[in-house]
Amino acid sequence: MASGKDETHPTRREALMLGAGAAAALAAGRAAGQEAEGQPLIGNPQLPERPGNRMRWAVVGLGTFGVGQVIPGFANARHSRLTAFVSGNADKARELGARYGVSRFYGYDDYDRIADDPEIDCVYIVLPVGLHAEYTIRALDAGKHVLCEKPMASTSAECEAMIAAAERNRRTLGVAYRVHFEPNNMHVLERIRAGELGTMRFVSADHGFNANPDWPPHKWRLEKELAGGGSMYDIGVYGLNTSLMMLPDDTPVSVSAHYSTPQGDPRFTQVEGGLDWRIRMASGINVQGSSSYCWSPYVSRQRYFGSDASIEMQPATTYYDNTIRLEAGGPAREYSAGNAGDQFAAQVDGFSQAARSGEPHLTPGEMGLRDIRLIEAMYRSADADGQFVRV
Ligand code: NDP
């Protein structure tokens, strides 16, 4: 029925909200009948999956990283959605549940009941390292796929048990090496793979921060039972894993390492405060790195030296602002190849797709085991004053 109002014209409220130019365009569009007929679905063919078809995730451990990065990352996921939280703090879990539309809650005591919950396909373990193996194996035995935070576990024996549990239950196991999904690192890997650096001659990796024993997320990192190891486990593992990612056709043959823990520092009675390491690769090149709990400010630096060009990334493996500096003769070029914040959604989506298809995840349990074995070899070397250890 006619309202007596010119339906092609923006309302006063629309005009105020849109501004003069856009309001005129809206009027022209309505006059042309666009609003009445609408448009077919055009444009981006990569629509996110319908929520009902996505893989459903439980996050275990609602701490700094879980709440700060992992959970918000699901907002941009296309194949994954959050359905459950597992926490020792029921009030916190419910508060977060209200914010993220999550309505299924478990504690550590009734964790095994997830076996009966059809609304959980994948479990993301974001607990202290000493708890990774136990909670991963319990989730796998409950029939769920598991993405476990880095480093994979306290020992290589635990990693092996986790892999065996995945095989026994025919479920996918991944280690959350998010850098493999980070656009700047993916871009650098492409350049290296394309031969743009020439022959790789040397890789170096430095990662560290200053551990504060009074801050709960750092406190457990200084306790061997919960942390597994020291700076090399927690932060050095980024440098180790990222360096090996950039050398896809090469293999470690031996390692050597020295501790760099400051003498008499009361923080380091159980784990090392620093470790400097070197890996001899089968190709004959060396990968060299350092990790520390005694550096300020936070350091995250990767360097790749080739016969024709070199790339430095600083920061290299952070959440938001990774930067690439390419030197190939002439002025250096510093740039970003994408939004580092995308890595969190990309990682859970990559895992969801692997779990659904049965294909191996890009960063499988075997990769986590390899890295823990290398770190164990580094500790053996450092205990023997830097002796080379074959791996
Ligand atoms: P936090 O201490 O901030 O969080 C750990 C959470 O685990 C706690 O909040 C708690 O959650 C739960 N928890 C259960 N038992 C214990 C216990 N005995 N002591 C302490 N916490 C316990 O640590 P982070 O979030 O920094 O680290 C968690 C995991 O994430 C680690 O594996 C770490 O290596 C990894 N990580 C990965 C990063 C990455 O970039 N990939 C960055 C930072 C961390 P609740 O209260 O809900 O029970």
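Every number for a ligand or one of its atoms is a count from 1 in the order of the listing.
Atom 44 (C) of ligand 1 has as its closest protein heavy atom Arg221 NH2, 3.3 Å. What sits closest to atom 48 (O) of ligand 1 on the protein, heavy atoms only, is Tyr108 OH, 2.5 Å. Atom 39 (C) of ligand 1 has as its closest protein heavy atom Tyr238 OH, 2.8 Å. Nearest protein neighbour of atom 36 (N) of ligand 1, counting heavy atoms only, is Phe65 CD2, 3.8 Å. Summary of contacts: the protein heavy atom closest to atom 15 (N) of ligand 1 is Leu131 CD1, 3.5 Å. The shortest contact between atom 11 (O) of ligand 1 and any protein heavy atom is with Leu62 N, 3.3 Å. Among all protein heavy atoms, the one lying closest to atom 46 (O) of ligand 1 is Lys92 NZ, 2.7 Å. Of all protein heavy atoms, the one closest to atom 28 (C) of ligand 1 is Val126 O, 3.3 Å.
Within the 4.0 Å heavy-atom criterion, neither part of Lys219 lies near ligand 1. Here Lys150 has heavy atoms under 4.0 Å from ligand 1 in both its backbone and its side chain. Residue contacts with ligand 1 for Trp220 involve side-chain atoms from C-beta outward but no N, CA, C or O (heavy atoms, distance under 4.0 Å). Residue-level proximity to ligand 1 for Tyr177 is absent, since no heavy atom of it falls below 4.0 angstrom.
Screening Phe74, Tyr319, Phe351, Phe181 for a ring pair (Phe, Tyr, Trp, His ring centres under 6.0 Å) involving Phe344 leaves a single residue, Tyr319. When each of Asn322, Thr317, Thr242 is checked for a side-chain hydrogen bond (donor to acceptor under 3.5 Å, both in side chains) with Ser300, only Thr317 meets the rule.
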Open item on the list: Does Trp57 form a side chain to side chain donor-acceptor pair (under 3.5 Å) with Ser352? I'd like the steps, not just the answer.
Closed with: CA-CA 9 Å; Trp57 285 69; Ser352 286; 2.9 Å; yes
TODO: Kindly determine whether Glu182 and Arg178 satisfy salt bridge (charged side-chain N to carboxylate O under 4.0 Å, His left out), including the steps that lead there.
DONE: CA-CA 7 Å; Glu182 196 279 315; Arg178 57 180 171 75; over 6 Å; no
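Under the 30°/60° scheme for interplanar angles, the aromatic rings of Phe209 and Tyr298 are found to lie parallel.
The nearest non-hydrogen atom to atom 9 (O) of ligand 1, considering only Ala93, Pro128, Gly61, Gly63, comes from Gly63. Between the choices Thr64, Asp234, Val59, the shortest heavy-atom distance to atom 3 (O) of ligand 1 belongs to Thr64. The closest heavy-atom contact to atom 31 (C) of ligand 1, among the options Thr317, Leu127, Ile125, Val60, comes from Leu127.
The ligand atoms of ligand 1 that sit less than 4.0 angstrom from a heavy atom of Arg178 are 39 (C), 40 (O), 41 (N). Atoms of ligand 1 lying under 4.0 Å from any heavy atom of His132, numbered from 1 in the order shown and given with element: 32 (O). The Tyr319 neighbourhood of ligand 1 comprises atoms 40 (O), 42 (C), 43 (C), with distances under 4.0 Å to a heavy atom of that residue. Close approach of ligand 1 to Ser87 (heavy-atom distance below 4.0 Å) involves ligand atoms 45 (P), 46 (O), 47 (O), 48 (O).
One side chain, Glu376 or Ser156, offers a donor N or O that lies under 3.5 Å from an acceptor on the other.
For CD of Glu225, the number of neighbouring non-hydrogen atoms (other residues, nucleotides, ligands) closer than 6.0 Å is 12 at most. Other residues, nucleotides and ligands contribute only 12 or fewer heavy atoms inside 6.0 Å of the CD atom of Gln387. Annotation for Arg168: atom CZ counts as buried by contact number, over 12 foreign heavy atoms lying within 6.0 Å. Other residues, nucleotides and ligands place more than 12 heavy atoms under 6.0 Å from the CG atom of Asn53.
For Glu272, there are no salt bridge (charged side-chain N to carboxylate O under 4.0 Å, His left out) partners two or more places apart in sequence or in a different chain.
At under 3.5 Å, not a single nitrogen or oxygen of Leu226, backbone or side chain, sits near a nitrogen or oxygen of ligand 1.
Of all the heavy atoms in His79 and Glu49, the pair that sits closest is ND1-OE1, 2.7 Å.
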